[in-house]
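What follows is one structure encoded as structure tokens, with my remarks underneath.
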Amino acid sequence: MLRNGEAWLLARLAAFRPRVVFDVGAHVGDWSLLAAGLLPEAAIHAFEIVPATHAELARRLAGRAPRVTANAFGLADKEGAIDVH
């Protein structure tokens with residue numbers, strides 16, 4: 001994130017004072033934690049569908065609640081279940 005431009009972009013977005021940020025496919029929350037530090041006014045919703053990975057995400061984000069939320073479901077253009085491999 002520090003080399004690929006994501007941290008740079010989040011730092012620039014801070015000037016706009018976003019209120020809500022989504023981390024879709026959050027994995028274990030590295031991006032969510034970075035966003036929480038750089039966007040202090042934003043509510044951050046992290047989404048992770050793999051149960052074991054979500055458990056780690058929730059553990060890592062627990063100290064940031066309620067501003068940072070770990071969601072155990074994904075986002076898509078239609079409702080339904082999928083197989084995760």
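In what follows, every heavy atom counts, from backbone to side chain, and hydrogens, waters and symmetry copies are set aside. Remember, predicted model here, so these are calculated numbers, not experimental data.
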> Taking C-beta and beyond as the side chain, do Ile82 and Ile49 meet within less than 4.5 Å on heavy atoms?
Replying inline: yes
>> Using every non-hydrogen atom in the two residues, find where Ser32 and Ala26 come nearest and quote the distance to one decimal.
In response: OG-CB, 4.4 Å
> What distance do Leu33 atom CG and Met1 atom CE have between them, rounded to the nearest 0.5 Å?
Replying inline: 8.0 Å
>> Measuring from atom CG of Asn71 to atom NE2 of His45, what distance do you get when rounded to the nearest 0.5 angstrom?
In response: 7.0 Å
> Any side-chain heavy atom of Val28 sitting closer than 4.5 Å to one from Arg59?
Replying inline: no
> Cluster partners of Phe47, using ILVMFWY side-chain heavy atoms under 4.5 angstrom, listed by chain and number?
Replying inline: Val20, Phe22, Val24, Phe73, Leu75
> Quick check: does any side chain N or O of Arg67 sit under 3.5 Å from a backbone N or O of Ala36, one acting as donor and the other as acceptor?
Replying inline: yes
> If you measure from CG on Asp23 to CD1 on Ile44, what distance do you get to the nearest 0.5 Å?
Replying inline: 8.5 Å
> Taking C-beta and beyond as the side chain, do His27 and Leu57 meet within less than 4.5 Å on heavy atoms?
Replying inline: no
> Mind checking whether Thr69 and Leu61 have side chains closer than 4.5 Å, heavy atoms only?
Replying inline: no
>> Rounded at 0.5 Å granularity, tell me how far CG in Leu38 sits from CZ in Arg12.
In response: 10.0 Å
> Of all heavy-atom pairs between Glu41 and Arg19, which one has the smallest distance, and what is that distance?
Replying inline: OE1-NH1, 3.3 Å
> If every non-hydrogen atom of Leu39 is compared with every non-hydrogen atom of Leu13, which pair is closest and at what distance?
Replying inline: CD2-C, 4.1 Å
